[in-house]
Amino acid sequence: MSLPDDLLAWYDRHARALPWRVPPDARQSGVAPDPYRVWLSEVMLQQTTVAAVRDYFRRFTERWPTVEALAAADDADVMAEWAGLGYYARARNLLKCARVVTAQHGGRFPDTREGLLTLPGVGPYTAAAIASIAFDRPETVVDGNVERVMARLHDVHTPLPAAKAELTALAAALTPQERAGDYAQAVMDLGATICTPRSPACGICPWREPCRARAERTQAELPKKALKKSKPVRQGIAYVGRRADGAWLLETRPPEGLLGGMLAWPTTAWAEGAPEPAPPAEADWQDLGAEARHTFTHFHLQLAIRVADLPHSAVPTRGEFLPHDRFRPAALPTLMRKVHDLARATFRPD
DNA sequence: GAGCCGTGGTG
DNA sequence: TCACCAAGGCT
């Protein structure tokens, strides 16, 4: 038995049951995955855990069962449905991609890695994942799991990201011509359930015998990674205003950059040091005395909160009033939902 | 190559 | 409390 065969045999017994996955037995009986569902799941899973993705995947596929349905959706509806999942450029690219596939490819996803790479939001990993999982092409997927598994299997001590090319070559050398889709998912399942970042379960690993790191007892320290930079602290002020009729003053953030395209409370700029106030409407803004703390990828944020009852005649300089019955806190990104949770108690119950 | 871009779980 | 981490892509 070869290494890939050993892994596939393990996968046949231990594959995780996932909503977007065709299990190995069904697959070998000729059931083909739906490329739309494979693509959607892979985009959602970028830097995101399976546990976080499950409910989002279910809601998206119920609401938009096909790529054509998604392509026809309103941008704001898609952004609201994505709210809380993070990395919102993914949602913007998701729509772009659905519209390209619908308008330029007749609603069918390209079935090669090269074709898939031309799509918005589809990079080297996702293109290989869709090509292998949806179309059974022998492409090599290299995600964080595969990097970790290869670094341990071959005892590679070069730190990431410099080691990326080396680990990719090692992974490619193992990729089988047959059952490419199952193999791709098998390596990732191995990384997610056995060859985990901390406390890997080497004793029950199908690759425990050939694993070089296990032999050298270096598995816990691999893969090596470059030191991370510390995060600076930025500060700002969020303005939560409500009109007497219950409408909230909200804005849609600019399409690019942090939380781009998302519904949000108007805020000052976020910078190191005390923020310059920038209220979105003339009113008696009161400091809430509590702040929302949130950590983004590259900085910590401390967001002070100011609240105001706005007169019906108020003309905001930014944002617009969203009627009470059309406002869903779930449509806010998490930071803005935290702000709402802190501020809501200060207003009369609706 | 490196910075930007979210969030929730975990030790 | 806090740093680390997860099926990356774009610029």
Side-chain angles (χ1 to χ4, degrees), chain A residues 16 18-21 37-57 79 82-94 96-97 116-134 139-149 159-165 168 171 181 184-193 195-200 220 223-234 253-262 264 270 292-301 332-338:
Chain A
R16 287 178 292 174
L18 301 172
W20 47 85
R21 172 177 287 178
R37 293 167 63 90
V38 173
W39 162 73
L40 179 61
S41 67
E42 289 301 338
V43 173
M44 287 184 166
L45 286 163
Q46 290 167 5
Q47 295 289 286
T48 308
T49 59
V50 165
V53 164
R54 280 182 186 277
D55 286 348
Y56 284 87
F57 180 82
M79 300 312 288
W82 195 277
L85 199 54
Y87 284 136
Y88 298 100
R90 293 185 296 173
R92 303 193 296 270
N93 284 329
L94 193 79
K96 284 185 196 166
C97 182
L116 290 158
L117 267 177
T118 67
L119 300 173
V122 176
Y125 163 76
T126 306
I130 299 172
S132 60
I133 296 170
E139 300 291 351
T140 302
V141 299
V142 183
D143 70 333
N145 288 307
V146 177
E147 288 174 352
R148 184 171 59 255
V149 169
L160 285 166
K164 175 95 175 178
T168 298
Q185 296 176 92
V187 195
M188 293 189 284
D189 270 25
L190 186 71
T193 64
C195 195
T196 51
R198 287 180 294 254
S199 313
K224 305 263 193 195
K225 295 198 173 176
L227 269 58
K228 309 236 157 122
K229 297 177 122 177
S230 63
K231 294 173 165 58
V233 177
R234 295 186 189 173
R253 291 177 62 88
E256 307 295 328
L258 197 66
L259 308 181
M262 297 302 293
W270 306 340
R293 288 173 169 252
H294 196 73
T295 298
F296 290 102
T297 313
H298 52 294
F299 64 93
H300 301 288
L301 178 65
L332 296 170
T334 299
L335 164 65
M336 299 297 168
R337 192 173 44 71
K338 287 183 184 176

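Below, chain A is the first sequence line, B the second, and so on; all start at residue 1.
- DNA chain B is contacted by both R92(A) and R198(A); R92(A) maps to the nucleotide lying nearer its 5′ end (nearest heavy atom per residue).
- Checked by distance alone, T48(A) brings no side-chain donor or acceptor within 3.5 Å of a matching partner on the base of dG8(C).
- Contact annotation: K225(A) reaches the phosphate of dA6(C) (side-chain N/O to OP1 or OP2, under 4.0 Å).
- Following rounding to the nearest Å, F299(A) (CZ) and dA3(C) (C1') show an atom-to-atom distance of 17 Å.
- One atom, NE2 of H300(A), and another, P of dC2(C), lie 8 Å apart when rounded to the nearest Å.
- One atom, NZ of K164(A), and another, P of dG9(C), lie 8 Å apart when rounded to the nearest Å.
- Put simply, CG on L18(A) is 12 Å from P on dA7(C), counting in whole angstrom units.
- Note on H294(A): a side-chain N or O is less than 4.0 Å away from OP1 or OP2 of dT7(B).
- Judged by distance alone with a 3.5 Å cut-off, a donor-acceptor contact links the side chain of R16(A) to the base of dA7(C).
- Scanning atom types as modelled, one donor and one acceptor separated by under 3.5 angstrom connect the side chain of T297(A) and the base of dG6(B).
- By the salt bridge (charged side-chain N to carboxylate O under 4.0 Å, His left out) test, R293(A) pairs with E291(A), sequence neighbours left out.
- Residue W20(A) is in base contact, counting any heavy-atom pair closer than 4.0 Å across all strands shown.
- Considering only side-chain atoms of V50(A), the nucleotide from dC4(C), dA7(C), dT7(B) that sits closest is dA7(C).
- Between Y125(A) and L45(A), every side-chain heavy-atom pair lies at or beyond the 4.5 Å cut-off.
- The distance between atom CG of L258(A) and atom P of dG3(B), rounded to the nearest whole Å, is 17 Å.
- Looking at the side chain of A162(A), the nearest of the listed nucleotides dG1(B), dA7(C), dG8(B) is dG1(B).
- The CE atom of M44(A) sits 17 Å away from the C1' atom of dG9(C) (whole-angstrom rounding).
- If you measure from atom OH of Y56(A) to atom C1' of dA6(C), you get 15 Å, rounded to the nearest angstrom.
- Spacing between atom OH of Y87(A) and atom P of dC4(B) amounts to 12 Å, rounded to whole angstrom units.
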